[in-house]
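Structure first, then comments.
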Amino acid sequence: MMLRRMIRKGHIFSFSRSWHSLSKNIQGSLNLYLEPLRRNFSTTGGGVSDETYEKEKITVTFVDKDGEEKQIKVPVGMSMLEAAHENDIELEGACEGSLACSTCHVIVMDVDYYNKLEDPADEENDMLDLAFGLTETSRLGCQVIAKPELDGIRLALPVATRNFAVDGFVPKPH
């Protein structure tokens, strides 16, 4: 009886539409996590080809405080903080990308690439004000998201970060 009333009043339809909209949003977020499965599936004879898989990545070069460079492939949609952690690059990210610190501070080495990024939000600017070695092209690595037009970007890591942890403490990514 209750179900018929809900259907008549359009509640079930409304729930169905909301669920459909939510599932589309979730699908976009899940693509990042499903990428390794897609690649495995493509090597077993189905799914996305290796050529398509490679097109979904960009090349990023991290330059550490000693000037050593490490070039990596980053899936489109992934933050530079996540990419650094996956590739053993020492970019701290103490707040795990929640915009509550400045320890994932990176410096975009080419102004042309910096101009291709979306403008930083007020929250990011507030955290950047706390960053050590701030420059005109400074950004937080958690807010720089890989997209095709950033292919070839070079990011410098500052010589130090401002963190409230004990000196010498090296956090491990989760």
Side-chain angles (χ1 to χ4, degrees), residues 21-36 38 52-174:
S21 175
L22 178 64
S23 68
K24 281 190 170 267
N25 290 338
I26 291 171
Q27 182 181 4
S29 299
L30 286 177
N31 281 338
L32 175 66
Y33 298 104
L34 294 176
E35 196 59 42
R38 277 195 205 118
T52 302
Y53 179 76
E54 288 303 317
K55 287 181 183 177
E56 294 177 354
K57 288 188 172 189
I58 65 168
T59 301
V60 177
T61 303
F62 283 90
V63 181
D64 71 13
K65 60 186 175 189
D66 298 324
E68 292 186 35
E69 297 184 7
K70 184 170 185 177
Q71 191 175 78
I72 62 172
K73 291 287 190 178
V74 179
V76 170
M78 180 180 275
S79 76
M80 295 302 119
L81 176 62
E82 293 170 303
H85 286 177
E86 283 191 4
N87 290 279
D88 298 322
I89 295 169
E90 290 188 26
L91 184 60
E92 187 173 340
C95 74
E96 299 179 15
S98 64
L99 269 174
C101 75
S102 62
T103 59
C104 66
H105 171 217
V106 294
I107 301 164
V108 181
M109 298 180 75
D110 185 340
V111 176
D112 290 336
Y113 282 105
Y114 181 83
N115 291 333
K116 293 177 183 179
L117 298 171
E118 292 182 25
D119 291 336
D122 290 341
E123 295 86 356
E124 182 180 359
N125 281 326
D126 291 344
M127 290 298 110
L128 281 170
D129 287 341
L130 304 173
F132 182 85
L134 190 64
T135 71
E136 290 290 320
T137 59
S138 288
R139 292 298 299 264
L140 295 180
C142 65
Q143 300 302 301
V144 178
I145 308 299
K147 54 186 181 177
E149 54 268 27
L150 295 179
D151 188 37
I153 192 170
R154 294 170 44 87
L155 302 172
L157 304 179
V159 295
T161 63
R162 290 194 177 137
N163 191 352
F164 297 107
V166 178
D167 287 339
F169 174 73
V170 179
K172 301 285 184 214
H174 300 273

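Quick note: residue numbers are just sequence positions, from 1. Atom set for the values below is all heavy atoms of this structure, side chains included, hydrogens, waters and symmetry mates excluded.
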Compare every heavy atom of Cys142 with every heavy atom of Gly97, then report the nearest pair and how far apart it is.
-> CA-CB, 3.6 Å

Side chain to side chain contact (heavy atoms under 4.5 Å, CB included) filter on Ala100, not counting sequence neighbours, yields Cys95, Ser98

Glu149: salt bridge (Lys or Arg N to Asp or Glu O under 4.0 Å) partners, not counting sequence neighbours = Lys147

Can Lys65 and Glu90 be counted as an ion pair, charged N to O under 4.0 angstrom?
-> no

Looking at Cys101 and Ala94, what are the two nearest heavy atoms and their distance?
-> SG-N, 3.9 Å

Enumerate, atom names and distances included, each donor-acceptor pair closer than 3.5 Å involving a side-chain atom of residues 118-127, sequence neighbours excluded.
from	atom 1	to	atom 2	distance (Å)
Glu124	OE1	Arg139	NH2	3.0
Glu124	OE2	Arg139	NE	2.8
Glu124	OE2	Leu140	N	3.0

Out of curiosity, Cys104 SG to Glu96 CD, how far, rounded to the nearest 0.5 Å?
-> 11.5 Å

Might you point out which heavy atoms bring Ser79 and Gly141 nearest each other, and give the distance in Å?
-> CB-O, 3.8 Å

Those residues that, when tested against Ile107, pass side chain to side chain contact (heavy atoms under 4.5 Å, CB included) (two or more places apart) = His105, Thr135, Thr137, Ser138, Ala156

Gap separating the CD1 atom of Ile89 from the CG atom of Leu155, nearest 0.5 angstrom | 9.0 Å

Can any side-chain N or O of Asp151 pair as donor or acceptor with the backbone N or O of Ile58 at less than 3.5 Å?
-> no

Apply the side-chain contact (heavy atoms from CB on, under 4.5 Å) test between Val74 and each candidate in Lys57, Glu56, Met80; give the one that qualifies.
-> Met80

Please round to the nearest 0.5 Å and tell me the distance separating atom CD1 of Ile145 and atom CG of Leu150.
-> 10.0 Å

Would you check if the side chain of Asp64 reaches a backbone N or O of Asp66 as a donor-acceptor pair within less than 3.5 Å?
-> yes

Kindly state each residue pair satisfying salt bridge (charged side-chain N to carboxylate O under 4.0 Å, His left out) with at least one member in residues 101-116, sequence neighbours excluded.
-> none

In this structure, CZ of Phe62 is separated from CG of Leu157 (nearest 0.5 Å) by 6.5 Å

Short side-chain donor-acceptor distance under 3.5 Å, Thr61 and Lys70 = no

Can you name the side chain to side chain contact (heavy atoms under 4.5 Å, CB included) partners of Glu136, sequence neighbours left out?
-> none

